[in-house]
Novice: 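This structure is in structure tokens; I'll ask about it shortly.
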Amino acid sequence: MSVVGVIDFETTGLSPAMGDRATEVAIVLLDGGQVVDRFQSLMNAGVRINAFIEQYTGISNEMIRTAPPAAEVMADARRFVRGVPLVAHNASFDQRFWAAELERLGPDEGADPPFACTMLLSRRLYPQVGSYRLQSLASFHALPSAGRAHRAMADAEVAASLLSRIQQDIQRDYQVDAAPHELLVKLQRTQRKALPKAIEAYFDALR
DNA sequence: TGCCAGGCCCTCTTTAGGGCCTT
């Protein structure tokens with residue numbers, strides 16, 4: 001399995017535990033660093049978006065009013081990524097909303113994919129970068145612009161470009177043929193000085 | 001109107017505090 005899904009949520013706030021809901025989701029499927037499919041939709045969770053968030057994301061209450069129900073969109077998103085591991089920038093955030101929105105749909109086997117995080121990986125791989133915000137890393141790597149920042153598909157596209165760059169840099173710097181999702185999940189919690197041994201151990205275990 | 005949480009990481013640390021990152 002070399003396909004991964006890069007996901008980004010726009011939401012009404014920072015915490016589903018505090019009642020915040022998703023307003024938009026985008027998922028880019030990458031196979032070998034190439035985009036092979038995309039999923040994107042606004043969603044109506046029946047909650048009001050405050051003025052700050054409207055300004056921040058450009059997603060208005062009027063846009064949400066005519067969007068499909070959140071349950072319908074999340075069911076489609078779940079089908080879209082079935083069996084595919086996920087990646088996000090500051091993945092703990094997107095993982096919380098993924099779990100919270102899907103929990104509303106009821107139990108489902110295989111709906112709990114592992115997440116890798118481009119922010120944690122970037123902290124390990126690029127210690128010279130002053131800021132690990134998605135846009136700062138995009139500028140640092142001169143990644144192509146994908147549209148208005150803080151819209152789900154634009155941010156998912158940039159995160160996908162960043163992921164491809166991370167995978168290329170791991171392959172180049174550590175002389176390995178691939179940087180699969182399972183390895184990324186291990187590396188994102190590995191101290192920088194321990195990266196070479198962790199990568200070596202991962203590939204030794206495959207032999 | 002402005003704020004909310006959670007996880008990670010650094011340091012003036014580990015019996016803690018604060019900044020960063022996501023919306």
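What you see is a predicted model; the values in this text were computed from it and never measured. Heavy-atom basis, side chains included; hydrogens, waters and symmetry copies ignored.
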Novice: Between L134(A) (CG) and dC20(B) (P), how many Å, whole number?
Specialist: 17 Å
Novice: Given atom OH of Y56(A) and atom P of dT1(B), what is their separation to the nearest angstrom?
Specialist: 19 Å
Novice: List in numerical order all residues of residues 57-73 of chain A for which some heavy atom is under 4.0 Å away from an atom belonging to DNA chain B.
Specialist: T57(A)
Novice: Can you tell which of dC21(B), dC4(B), dG6(B) lies closest to the side chain of N50(A)?
Specialist: dC4(B)
Novice: Ignoring hydrogens and angles, tell me if any N or O in the side chain of E101(A) forms a donor-acceptor pair with the backbone of R21(A) under 3.5 Å.
Specialist: no
Novice: Near DNA chain B, counting only heavy atoms under 4.0 Å, which residues of residues 86-95 of chain A show up?
Specialist: H89(A), N90(A), F93(A)
Novice: Among residues 5-20 of chain A, which ones have heavy-atom contacts with DNA chain B below 4.0 Å?
Specialist: D8(A), F9(A), E10(A), T11(A), G13(A), L14(A), S15(A), M18(A)
Novice: How do F52(A) and Q188(A) order along DNA chain B: which one's closest nucleotide is nearer the 5' end?
Specialist: Q188(A)
Novice: Measure the distance from CZ on F115(A) to C1' on dG6(B) and round it to the nearest whole Å.
Specialist: 15 Å
Novice: May I have the distance from F97(A) (atom CZ) to dC21(B) (atom C1'), rounded to whole angstrom?
Specialist: 14 Å
Novice: Between dG2(B) and dG7(B), how many Å separate the two C1' atoms, rounded to a whole number?
Specialist: 23 Å
Novice: Determine, stepwise, if the pair N50(A) / T12(A) fulfils side-chain contact (heavy atoms from CB on, under 4.5 Å).
Specialist: CA-CA 7 Å; N50(A) 70 35; T12(A) 62; over 6 Å; no
Novice: If I pick the P atom on dT1(B) and the same atom on dT22(B), what distance separates them, to the nearest angstrom?
Specialist: 25 Å
Novice: Mark yes when over 12 heavy atoms from residues, nucleotides or ligands other than R172(A) sit less than 6.0 Å from its CZ; otherwise mark no.
Specialist: yes
Novice: Write down the distance separating the P atoms in dT13(B) and dG19(B), rounded off to the nearest Å.
Specialist: 16 Å
Novice: Identify the heavy atoms of L14(A) and P16(A) that sit nearest to each other, and give their distance.
Specialist: O-CD, 4.0 Å
Novice: Check residues 29-38 of chain A and write down every donor-acceptor pair under 3.5 Å in which the side-chain atom is one partner and the other belongs to a residue at least two apart or another chain.
Specialist:
{"unit_1": "D31(A)", "atom_1": "OD1", "unit_2": "S2(A)", "atom_2": "OG", "d": "2.7"}
{"unit_1": "R38(A)", "atom_1": "NE", "unit_2": "E157(A)", "atom_2": "OE2", "d": "2.5"}
{"unit_1": "R38(A)", "atom_1": "NH2", "unit_2": "E157(A)", "atom_2": "OE2", "d": "3.1"}

Novice: In whole Å, what is the span from the CD atom of E54(A) to the C1' atom of dG2(B)?
Specialist: 15 Å
Novice: Can you tell me if Q188(A) uses its side chain to pair, donor with acceptor, with the backbone of T118(A) under 3.5 Å?
Specialist: no
Novice: Just N and O in the side chain of Y132(A): are any of them under 4.0 Å from OP1 or OP2 of dC21(B)?
Specialist: no
Novice: Using the closest heavy atom to pick a nucleotide of DNA chain B for each, name whichever of T23(A) or L120(A) lands nearer the 5' end.
Specialist: L120(A)
Novice: Residues from residues 160-169 of chain A sitting under 4.0 Å of DNA chain B, heavy atoms only?
Specialist: none
Novice: In whole angstroms, how far is the P atom of dC4(B) from the CZ atom of R96(A)?
Specialist: 14 Å
Novice: What interatomic distance, in whole Å, is found between P of dC8(B) and the corresponding atom of dC12(B)?
Specialist: 23 Å
Novice: Could you give the distance from CG (L184(A)) to CD (Q167(A)), rounded to the nearest 0.5 Å?
Specialist: 5.5 Å
Novice: Rounded off to whole Å, could you give me the CZ-to-P distance for the R48(A) and dG2(B) pair?
Specialist: 17 Å
Novice: When the distance from CZ of R133(A) to P of dG19(B) is rounded to whole Å, what number comes out?
Specialist: 16 Å
Novice: Is the side chain of Y132(A) donor-acceptor paired with the backbone N or O of Y126(A) at a distance under 3.5 Å, no angle test?
Specialist: yes
Novice: What's the verdict on salt bridge (charged side-chain N to carboxylate O under 4.0 Å, His left out) for K197(A) and E200(A), showing C-alpha distance, side-chain angles and the deciding distance?
Specialist: CA-CA 5 Å; K197(A) 281 194 172 181; E200(A) 185 179 357; over 6 Å; no
Novice: More than 12 heavy atoms of other residues, nucleotides or ligands under 6.0 Å from CG of D177(A): is that the case?
Specialist: no
Novice: Once rounded to the nearest 0.5 Å, what's the spacing between atom CG of L187(A) and atom OH of Y202(A)?
Specialist: 9.5 Å
Novice: For a quick test of your reading: what N or O donor-acceptor pairs under 3.5 Å do the side chains of residues 141-152 of chain A make, sequence neighbours left out?
Specialist:
{"unit_1": "R148(A)", "atom_1": "NH1", "unit_2": "Y56(A)", "atom_2": "O", "d": "3.3"}
{"unit_1": "R148(A)", "atom_1": "NH1", "unit_2": "T57(A)", "atom_2": "O", "d": "3.2"}
{"unit_1": "R148(A)", "atom_1": "NH2", "unit_2": "Q55(A)", "atom_2": "O", "d": "3.3"}
{"unit_1": "H150(A)", "atom_1": "ND1", "unit_2": "Y56(A)", "atom_2": "OH", "d": "3.3"}
{"unit_1": "R151(A)", "atom_1": "NE", "unit_2": "E24(A)", "atom_2": "OE1", "d": "2.9"}
{"unit_1": "R151(A)", "atom_1": "NE", "unit_2": "E24(A)", "atom_2": "OE2", "d": "3.3"}
{"unit_1": "R151(A)", "atom_1": "NH2", "unit_2": "E24(A)", "atom_2": "OE2", "d": "2.7"}

Novice: Measuring to OP1 and OP2 of dC8(B), would you say a side-chain N or O of R123(A) lies under 4.0 angstrom away?
Specialist: no
Novice: For H89(A) and L137(A), run side-chain contact (heavy atoms from CB on, under 4.5 Å): C-alpha distance rounded to whole Å, both residues' side-chain angles, the deciding distance at 0.1 Å, then the answer.
Specialist: CA-CA 11 Å; H89(A) 194 70; L137(A) 287 160; 3.4 Å; yes
Novice: Determine, step by step, whether R78(A) and L105(A) satisfy the side-chain contact (heavy atoms from CB on, under 4.5 Å) criterion, reporting the C-alpha distance in whole Å, the side-chain angles of both residues, the deciding distance to 0.1 Å, and the verdict.
Specialist: CA-CA 10 Å; R78(A) 184 169 62 186; L105(A) 305 186; 4.0 Å; yes
Novice: So which atom in F97(A) and which in G13(A) form the shortest heavy-atom distance, rounded to 0.1 Å?
Specialist: CZ-O, 3.5 Å
